[in-house]
Amino acid sequence: MGTASSLVSPASGVGEVIEDTYGGGEACEIPVEVKPKARLLRGSLRRVGASRPGGLIGAAFKSTKEYEIFRVSKNNEVASMVKKEAKLDRENKRLRAELQALQKTYQKILREKESALEAKYQAMERAATFEHDRDKVKRQFKIFRETKENEIQDLLRAKRDLEAKLQRLQAQGIQVFDPEESDSDDNCTDVTAAGAQSEYWNGGALGSEPSMGSMMQLQQSFRGPEFAHSSIDVEGPFANINRDDWDAAVASILQVTPLFSHSLWSNTVRCFIISTDETQPEVEIFIRNYSPKLQRICETMGYFFQVVHFPAANENHFKEVRKWEIEKSSLVILLLHLTLPSCLLEDCEEAFLKNPEEKPRLIYHRMGDDRVSSDSVQQLIEQISHVNKAKRIDHVGDVEEGTYEIYTCVEKIIKQDILGCEMTELEGKDLGNKEESTAPEEEVFGDVLWDAHDEQEQMEAFQQASNSTCELGFEKYFERLNDLVAAPAPIPPLLVSGGPGSGKSLLLSKWIHLQQKHSPNTLILYHFVGRPMSTSSESALIIKRLTLKLMQHSWLVSPLTLDPTKLLEEFPRWLEKLSARHQGSIIIIIDSIDQIQQAEKHMKWLIDPLPVNVRVIVSVNVETCPQAWRLWPTLHLDPLNSKDVKALISAECSSANVKLTKEQEKKLERHCRSATTCNALYVTLLAKFNIAGNIDETLQQCFQCQDTVSLYRLVLRSIQESLCSDKEKGLLREILCVIGVSHNGVSESELMELYPELSSAVLASLVHNLHKMCLLTYGCGLLKFQHLQAWEMVRLEYMEEGANIISAYRQKLVDYFTMQLSRDRVTWRSADELPWLFQQQGDKQKLHKCLLNLFVSQNLYKRGHFAELLSYWQLVGKDKSSMAAEYFDSLKEYEKSCEGEESMICLADLYETLGRFLKDLGLLSQAVAPLQRSLEIRETALDPDHPRVAQSLHQLAGVYVQWKKFGNAEQLYKQALEISENAYGAEHLRVARELDALAMLYQKQNKYEQAEQLRKKSFKIRQKAARRKGSLCGFALLRQRALQLEELTLGKDTSDNARTLNELGVLYYLQNNLETAELFLKRSLEMRERVLGPNHPDCAQSLNNLAALYNEKKHYEKAEELYEKALDIRRRALAPDHPSLAYTVKHLAVLYKKMGKLDKAVPLYELAVEIRQKSFGPKHPSVATALVNLAVLYCQMKKQTEALPLYERALKIYEDSFGHMHPRVGETLKNLAVLSYEGGDFEKAAELYKRAMEIKEAETLLIGGKAISRHSSSGDTFSLKSALSPNIFLEHGQR
């Protein structure tokens, strides 16, 4: 509007009409004269006053009037502007609202556009996949059609041949049997129980989630035969366990503890040769020509091979050593001709007649020369053939030919009887490829790389630590350890402290053994750390091993990073996630944790709060314990008191048949009173040393030794003095020094190659003396120091001169393993030792060259030593990118020299290893090229549908998954799955691996339903494969036991023989030999009825076993009759709550349900509830399971009103016992939802179903990688079934 002066017209004396330009107001007429500005007014007043005397009053009156007019005009103007301001505010709000609406519309359209583009891309991918599948189906159909056409032609030819043959027979007047006239029952169908598992709701009221149509069966799996080693009241270890349960149990043991052949002594195939002077030529030829071949065979399988032979002239000298070697031997070969010296008789009896483990034995008898063997030879052969089933070679002819026969037989024994290669060969027959016969590690452990040698080393360390018979007063410590397990969470780790040699390892191993015996549901993971800087002390390998053991026990297949930093960071999350899947406690024990380099840094997860069911125990030396750990609860091992010292010395003396005088005992007790002389290792070594020589003399020498290291020096000098020559003393020094400077130890075969002048007899004698005196021990076939004090003693005794002597011995090992590389012998030993030796010597140039040997790096990586390989490259000073470039250049250079299919396949393996290594480094863009090259080579060299092509596809897809290129990864995984199914069948472990990978991919894309379906299918395959594995490994033990028992059943009718026959029936049943099992079980029943009477409880046991066998053969009527007889006997003979009665009730009830006789099943299920209530109490989960089973039965009989209170009671018990988020609570809620749905109460059904799905989703999240917190110690903890349970992803039966 401007100022008021802008509206004034100087010539105007009347008003003007001013209109409101914004509208909304009326026109008003106002005066336009306004008060002039003050300056002008004052000037005009002065002029008026000067001109007229009366002008001042008139002017004042006029100014007042003008001011009033001005005020009125301004008030009107302000009122008008307020109206305009209010109107503008309203308009502004309206425009803002419109703008917000437009913005929301824009965002919605943008999202729709993105969704449309994504749908377009997905449609394009599906179209491309469809085109690819269509082409593949066309090819497959073409092959199928051609195959079937050929089969039809063959059948037509066979038909014509049969018709012609039939016509010829009829022409000869021969009657021909018509198969259509037979009484075959091939059309009979199996009886199945109503209301099978995994049915779905038909209606859509509660959604399409899988549920239980006719009630989910929560019944126990049907168990089979039982047998007892005494009366019926004490059931044996296989009591009421059917074949599936037994196989699963064996497979579970194998998952946690790999099975190693009892014929192997510490990863070594030991061949002990007994020969006479007449057969010495065969021995020399065998050792010279064929021993290296057998060594290469064993090396390729990861084992050592050692031949031990004592010359006949030294038989008496090595008597004790020979006995020890025979005990360790995997195979004993006896070579005879005409005579047998009397000095060899003892060895022959020890090896062939006293063979409790039935290890392989071989007799070579050279005949001919028109001479007859002596009576002693013939008598020995007859005795061996009668007692022991030894293989025998009767050779007539040349010595060379006889030695070759020995070699071929030994090779077969090693491959089949000792290393068990026949199992993998049978599995690989379908492929017809020798390379495929040995299943790779990934088949068992998914994509996780695993070193079996590290695992065996840990098993041997545990066994050696627990073999001592002396308890050293450990009972008081056992109680403290048991209190730790029973203490409420959260609780920090327990620190077991003590001085060196105080018995910490012995205590922990003894306690582990007791826990495994008394608490089978407790999962115990242990790790014994060896010498510093050895493989067992590497933190990344320790954490990876513990994680893998948890994964195996939980049947979890999931990718695991190999990056050491990430592995240490992720371990607490893995521990929480995997502990949530285990019912029961998990105990982690790490012995000598202070020997780990930077233990406080690498084991910082110990400081974090642990899951409620996890307990951790670590042992340390008092001097080297990190300061931060000293605040933890501590169990300190006190020095031995006089009573323990006396007991330990007496135990050692009695084992050696040595008797000490009272005076000698008192002297020893007085000596072992200081802090350094009253520990377990010192006292043990003192006792062993004194009983080995003149006690009085050695006592005086020992009293001068005030610590374990000085006593070890005295022991070593005593061994040196016992040697015959300076040469042997020098060899002793060389052996100890080479072992001392090595990374993980040295094998006996390596020592003999390092020192050609060292004979097997001398080496065996030296090792025996050192092992007996606790200096050396075996670990995965390697000789290493038994205690750190022994290693320290050797360093002080032989290497005190300085670094030069250590460097010289290391150089000797470097030359040896370098020579192996030059001969293309890249074994796990050269990969372990050579880079480490270069690292210790500080020779970065040679280390760099060694790392660029592709086979060395491949060996380290494939055995899971990723962190070690990475540390070597960091020492060389290479970053990840330059490392990748150098490997790629080396591969390109190696590719130029590759010719032939075999070398190209090897090249493809190297490319794949490089790709996986780069993927683990996080160099995804660089990992694609080598993996694609590996895929191209395999498709060209092998076949596009070869299983190794599927391996390349799988690894390449893994890179794309990490790269978030899910579309590419899905296509590759599906191709790999199809190839694996065609090559191995639908139930092979490799198929399960592809299914797991696809499930993980769908999980990342939030496609939970597809992922769960694939996981279910994979888990079924893995369970079946594990059972097959358990059967293969367990059947050897069963066959051995069955053969032993058959020899015991040839006598007269006795209750013991009847029990043995029953056990034989069970053993053959477990081997799936049902016909033979039926024969023995019938014989057992008949003998028991004759000897004990038909109503004896033992007869009920035989009846129960026969019934289970007939149930297995689907002869349900026979099984029903026998179960009823067994039940009648046990009801009359046993207590109402006896376990054997409960077993028979359960078996018969399940059989009735299977046959559809529900009315007969009801009272038995009710009786099962009563028995469990009496046995366990009314609030035990086992009672809830029986209630659910009874409720399911009522629902099948349409008695929903009777089922409802049973379900509700079972739900209450489960919630009180397991918490509100346990899977069994979810299963029972789902059953209740179905019950409410069938009753028409849809609202309640929806509510129950929603709760069940929440539990199921929580379980899915847990399996998919998001662990539910277990830090709370409240009752609402989440738990899953143990590894022996059926498929946790299926809707399965409860136990």
For [X], side-chain contact (heavy atoms from CB on, under 4.5 Å) partners two or more places apart:
X: M752; result: Q306, S760, L763
X: E728; result: L723, C724, S725, V762
X: E299; result: Q295, R296, R825, T827
X: K896; result: E893

For [Y], is there any backbone N or O sitting under 3.5 Å from a side-chain donor or acceptor partner on [X]?
X: K544; Y: G864; value: yes
X: H771; Y: Q786; value: no
X: S897; Y: Y894; value: yes
X: S903; Y: E899; value: yes
X: D843; Y: K846; value: yes

Using 0.5 Å steps for rounding, measure from the [atom1] atom of [X] to the [atom2] atom of [Y].
X: L921; Y: M883; atom1: CG; atom2: CE; answer: 5.0 Å
X: F838; Y: Y872; atom1: CZ; atom2: OH; answer: 11.0 Å
X: S952; Y: H946; atom1: OG; atom2: NE2; answer: 11.0 Å
X: R733; Y: L731; atom1: CZ; atom2: CG; answer: 12.5 Å
X: M799; Y: S807; atom1: CE; atom2: OG; answer: 12.0 Å
X: E538; Y: D454; atom1: CD; atom2: CG; answer: 8.5 Å

Legend entry - F462 and F528 aromatic ring geometry - parallel, tilted or perpendicular at 30°/60° bounds: tilted
Inset, instruction - May I have the step-by-step check of side chain to side chain contact (heavy atoms under 4.5 Å, CB included) for L770 and L736, ending in yes or no? - result: CA-CA 10 Å; L770 295 170; L736 291 175; 4.0 Å; yes
What I'd like to find out is whether the side chain of [X] reaches to under 4.5 Å of the side chain of [Y], using heavy atoms alone.
X: L918; Y: Y887; value: no
X: V794; Y: I739; value: no
X: D594; Y: V529; value: no
X: L931; Y: Y911; value: no
X: V928; Y: Y960; value: yes
X: Q839; Y: L875; value: yes
X: L546; Y: Y526; value: no
X: N853; Y: S890; value: no

Just checking, any donor-acceptor pair under 3.5 angstrom between side chains of [X] and [Y]?
X: Y861; Y: D920; value: yes
X: T268; Y: Y303; value: no
X: Y712; Y: W791; value: no
X: Y778; Y: K328; value: yes
X: Y290; Y: E411; value: no
X: E753; Y: Y816; value: yes

Looking at every non-hydrogen atom in both residues, tell me the closest pair between [X] and [Y] and how far apart they are.
X: P835; Y: S830; answer: CD-O, 3.7 Å
X: I937; Y: A908; answer: CG2-CB, 3.8 Å
X: I596; Y: S539; answer: CG2-CB, 4.0 Å

Got a sec, which residues hit salt bridge (charged side-chain N to carboxylate O under 4.0 Å, His left out) with [X], two or more places apart in sequence or on another chain?
X: D832; value: R863
X: E994; value: none
X: E734; value: none
X: D909; value: R938, R948

Legend entry - R270/E748 salt bridge by N-O under 4.0 Å criterion: yes
Inset, instruction - Take L834 and V856 through the side chain to side chain contact (heavy atoms under 4.5 Å, CB included) test and state the conclusion after the steps. - result: CA-CA 9 Å; L834 199 53; V856 171; 5.8 Å; no
Legend entry - Q845 CD: over 12 foreign heavy atoms closer than 6.0 Å: no
Legend entry - side chain to side chain contact (heavy atoms under 4.5 Å, CB included) evaluation trace for L891 with L907: CA-CA 8 Å; L891 264 174; L907 177 65; 3.8 Å; yes
Inset, instruction - Sequence neighbours left out, what pairs pass side-chain hydrogen bond (donor to acceptor under 3.5 Å, both in side chains) with at least one residue falling in residues 738-747? - result: T535-N744, S747-S749, S747-E750
Inset, instruction - With F917 as reference, evaluate L923, L869, L860 under the side-chain contact (heavy atoms from CB on, under 4.5 Å) test and give the passing residue. - result: L869
Legend entry - Qualifying salt bridge (charged side-chain N to carboxylate O under 4.0 Å, His left out) pairs, either residue in residues 865-883, two or more places apart: K878-E886
Inset, instruction - Not counting sequence neighbours, list each pair that qualifies as a salt bridge (charged side-chain N to carboxylate O under 4.0 Å, His left out) and has a residue in residues 802-822. - result: none
Legend entry - Those residues that, when tested against Y809, pass ring-ring contact (aromatic ring centres under 6.0 Å, His included) (two or more places apart): none
Legend entry - Residues I297, K415; criterion side chain to side chain contact (heavy atoms under 4.5 Å, CB included); working and verdict: CA-CA 9 Å; I297 291 172; K415 288 184 176 181; 4.0 Å; yes
Legend entry - side chain to side chain donor-acceptor pair (under 3.5 Å) between S537 and Q595, worked out: CA-CA 7 Å; S537 66; Q595 301 299 329; over 6 Å; no
Inset, instruction - Kindly indicate, with the supporting measurements, whether the criterion ring-ring contact (aromatic ring centres under 6.0 Å, His included) is fulfilled by F817 and W828. - result: CA-CA 11 Å; F817 288 112; W828 67 279; over 10 Å; no
Legend entry - Matching residue for E457 among K784, R545, R531 - test: salt bridge (Lys or Arg N to Asp or Glu O under 4.0 Å): K784
